[in-house]
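FYI, the numbering just counts along the sequence from 1.
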Amino acid sequence: MTPIAPLEPPHRLLMGPGPISAYPRVLRAMSSPLVGQYDPFMTDAMGEVQRLYREVWATRNEQTFLVDGTSRAGIEAAITSLVRPGERVLVPVFGRFGHLLAEIAERALAEVHRIEVPWGQVVPVSTIEEAVARVKPTLLALVQGDTSTTMNQPLDEIARICDKHGALFYSDATASLGGNAFEADAWGLDAATAGLQKCLGGPSGSAPLTLSERAADVIRSRRRIEAGIREEGDESASDFIRSNYFDLGMIMDYWGPRRLNHHTEATSMLYAARECATVLLDEGRDAVIGRHETAGRAMLAGVEALGLSVFGDVAHKMNNVVAVEIPDGVPGDAARQAMLDDFAIEIGTSFGPLHGRVWRIGTMGYNARKDAVLTTLAALEQVLRRWISVPAGGGVAAAADVFRGAAA
């Protein structure tokens, strides 16, 4: 047999909408030795991760832990566990990932109601309030930051509406947590999920999740423990959660004092999630959000100084990604490929009605820093010159001005 070469991925600067280049200390943590899932070191590490993510989410929720899987695993676990078949779910849609929440709810056999606004806008609070009053949903499911459009939906007034009409309030913060303000308790969230691969600066594969006590009670009311580990006295609800892997009731027992076996915790991803949280908290949650805001503002200034237009309502743009309209005369995919081939820099395209219309350039996690932003703008200028005329050095100069102003 011919020897198989060691795995050697190319070095890339990942400046798209995610995944992004991970923090070096996160990668180092992932190479740490494995331990058994009930080793005292492991159970202590799980408890530490819960404490750290309460700070990341700005919550006191006891039920704060990780779902093993990508950010979509967290979304599916939350919706499948909180919504019974036939119950109503309201999803305000302002991009691709609102449609994803609606699809997952449909697959959970919910009665799904959508309200939509054009891509590039956010949903007005008044529109949400009218729809909640009309639909009377069990769950309002709302994306905070939708990278498909780069819009950041305000969440701070939504709990008031949900409380008035008896709805649970869930938000997907996959693309926004760590780089934009998120206040789980202050904003009255009942459930929220995220991933590591965006502003938290890790790899995809672990989904931080937090649940209010009200949400946890709903999940407990649907409790069913699988037969092989069920003990005398364990209740089994008739309307039990229809997924085994995404049953948050059993996952709560696995992370809780009972340590009831559900799956084998993804040890290396637990290490990664721990380091993502410690990087953020060591630097300071507000400081990290500020760093994302500065880097995002610098990238925005840079692309505009190159004469490029920005898609969407900039007043509601996420800190960590900008959608740049592809100029006439520039082949979007060829330009992206040139960025990758010649400069080892990845930027993104988009989905649906924006596919081929915009590039999405991210400034998040480890890459929310000056050298990454300036390098990307310098490379983008050189690539654009193959097809159109752009101001020489304009992007780098404008971005550098933003960084200098922030430092001052």
Test log, rule side-chain contact (heavy atoms from CB on, under 4.5 Å), inputs Leu248 and Leu209:
CA-CA 10 Å; Leu248 288 181; Leu209 174 147; 3.9 Å; yes
Answer yes or no: is there an ion pair linking Arg96 with Glu103, defined by an N-O contact shorter than 4.0 Å?
no
For the pair Gln144 and Ser176, evaluate side chain to side chain donor-acceptor pair (under 3.5 Å) and give the outcome as yes or no after the intermediate values.
CA-CA 7 Å; Gln144 184 190 32; Ser176 50; 2.5 Å; yes
Any donor-acceptor pair under 3.5 Å linking the side chain of His355 with the backbone of Ser350?
yes
Point-to-point distance, once rounded to the nearest 0.5 Å, from CG of Leu196 to SG of Cys276:
4.5 Å
Can you tell me how far apart CZ (Arg222) and CG (Asp247) are? Round to the nearest 0.5 Å.
8.5 Å
Can you classify the ring geometry of Phe41 versus Tyr271 as parallel (below 30°), tilted (30 to 60°) or perpendicular (above 60°)?
perpendicular
Looking at Asp239 and Arg224, is there a salt bridge between them, counting it only when a charged N and a carboxylate O are closer than 4.0 Å?
no
Taking the six-membered ring of Tyr53 as reference, does the cationic atom of Arg51 (NZ for Lys, CZ for Arg) lie under 6.0 Å from its centre and within 45° of its axis?
no
From Arg336 CZ over to Asp341 CG, what is the distance, rounded to the nearest 0.5 angstrom?
11.0 Å
Which heavy atom of Leu270 sits nearest to which heavy atom of Ala45, and what is that distance?
CD2-CB, 3.9 Å
Once rounded to the nearest 0.5 Å, what's the spacing between atom CG of Asp190 and atom OH of Tyr170?
12.5 Å
Do the charged groups of Arg54 and Glu62 touch, with an N to O distance under 4.0 Å?
no
Side-chain (Ser31) to main-chain (Arg28) donor-acceptor, under 3.5 angstrom
yes
Given side-chain contact (heavy atoms from CB on, under 4.5 Å), test Val321 with Met318 step by step and report yes or no.
CA-CA 6 Å; Val321 62; Met318 300 162 67; 3.9 Å; yes
Any carboxylate oxygen within less than 4.0 angstrom of a Lys/Arg side-chain nitrogen, looking at Asp401 and Arg404?
yes
On a heavy-atom basis, the closest approach of Pro137 and Ala167 is O-CB, 3.3 Å
Could you state the interatomic distance from CE (Met30) to OG1 (Thr267), rounded to the nearest 0.5 Å?
11.0 Å
If we only count heavy atoms from C-beta on, is the Leu142 to Val91 side-chain gap below 4.5 Å?
no
Considering only heavy atoms from C-beta outward, does the side chain of Leu82 approach that of Leu168 to under 4.5 Å?
yes
Before we go on, tell me: are the rings of Trp57 and Phe182 under 6.0 Å apart, centre to centre?
yes
Exam field: side chain Asn61 to backbone Gln63, donor-acceptor pair closer than 3.5 Å
no
Less than 4.5 Å apart, side chain to side chain, heavy atoms only: is that true for Leu308 and Leu384?
yes
So, does Arg291 use its side chain to make a donor-acceptor pair with the main chain of Gly365 at under 3.5 Å?
yes
Exam field: side chain Arg360 to backbone Thr349, donor-acceptor pair closer than 3.5 Å
yes
Measure the shortest side-chain to side-chain distance between Val125 and Ile161 over non-hydrogen atoms and say whether it is less than 4.5 angstrom.
yes
Which of Ile361, Val324, Val390 passes side chain to side chain contact (heavy atoms under 4.5 Å, CB included) with Leu380? Answer is Ile361
Solution key, residues 66-79 side-chain donor-acceptor pairs under 3.5 Å, sequence neighbours excluded:
unit_1, atom_1, unit_2, atom_2, d
Asp68, OD2, His263, NE2, 2.9
Asp68, OD2, Ala266, N, 3.0
Ser71, OG, Gln197, NE2, 3.4

Could you check Asp185 against Thr59 for side chain to side chain donor-acceptor pair (under 3.5 Å), going step by step and ending with a plain yes or no?
CA-CA 5 Å; Asp185 284 0; Thr59 185; 2.6 Å; yes
With the threshold set at 4.0 Å, does a side-chain nitrogen-carboxylate oxygen contact exist between Arg285 and Glu183?
yes
Run the side-chain contact (heavy atoms from CB on, under 4.5 Å) test on Thr138 and Val89 for me, step by step, so that the C-alpha distance in whole Å, both residues' side-chain angles and the decisive distance to 0.1 Å come before the verdict.
CA-CA 6 Å; Thr138 297; Val89 175; 5.8 Å; no
Side-chain donor or acceptor of Ser212 paired with backbone N/O of Ala215 under 3.5 Å
yes
Distance-only, no hydrogens or angles: does the Asn152 side chain make a donor-acceptor pair with backbone N or O of Lys317 under 3.5 Å?
no
Is any NZ, NE, NH1 or NH2 atom of the basic residue among Arg25 and Asp282 found under 4.0 Å from an Asp or Glu carboxylate oxygen of the other?
yes
Crowded around Asp44 CG? As in, over 12 foreign heavy atoms under 6.0 Å?
yes
So with a 6.0 Å cut-off around OH of Tyr38, is the heavy-atom count from everything else above 12?
yes
Under a 3.5 Å distance rule, please check whether Thr43 uses its side chain to pair with a backbone N or O of Pro40 as donor and acceptor.
yes
Should the pair Arg223-Glu235 be classified as a salt bridge under the 4.0 Å nitrogen-to-oxygen rule?
no
Salt bridge check: are Arg114 and Glu106 linked by an N-O gap of less than 4.0 Å?
yes
Would Leu280 and Leu200 count as a side-chain contact (heavy atoms from CB on, under 4.5 Å) here? Give the steps.
CA-CA 7 Å; Leu280 184 146; Leu200 293 176; 3.9 Å; yes
Testing the basics here: between Phe311 and Met151, what is the closest heavy-atom pair and its distance to 0.1 Å?
O-CE, 4.4 Å
Using a 4.5 Å cut-off on heavy atoms from C-beta on, say whether the side chain of Met46 contacts that of Trp255.
yes
Testing the basics here: between Val322 and Met299, what is the closest heavy-atom pair and its distance to 0.1 Å?
CG1-CG, 3.9 Å
So which heavy atom on Ser221 is nearest to which on Ala237, and how close?
O-CB, 3.5 Å
Is there a side-chain contact between Gln153 and Asp146, using heavy atoms and a 4.5 Å cut-off?
no
Minimal non-hydrogen separation, Cys199 against Ala175, with atom names:
SG-O, 3.8 Å
When you measure from the side chain of His316 to the backbone N and O of Pro154, does any donor-acceptor pair fall under 3.5 Å?
no
More than 12 heavy atoms of other residues, nucleotides or ligands under 6.0 Å from CZ of Arg259: is that the case?
yes
Between Asp217 and Arg220, is there a salt bridge with N-O shorter than 4.0 Å?
yes
In this structure, are over 12 heavy atoms from other groups packed under 6.0 Å from Glu226 atom CD?
yes
Less than 4.5 Å apart, side chain to side chain, heavy atoms only: is that true for Leu52 and Thr278?
yes
Does the Ser21 side chain pair with the main chain of Leu14, one donor and one acceptor, at a distance under 3.5 Å?
yes
Does atom CZ of Arg107 have more than 12 heavy-atom neighbours from other groups under 6.0 Å away?
no
Taking side chain as C-beta onward, heavy atoms only, is Glu304 less than 4.5 Å from Val310?
yes
Kindly compute the distance separating CD1 (Ile241) from OG (Ser81), expressed to the nearest 0.5 Å.
3.5 Å
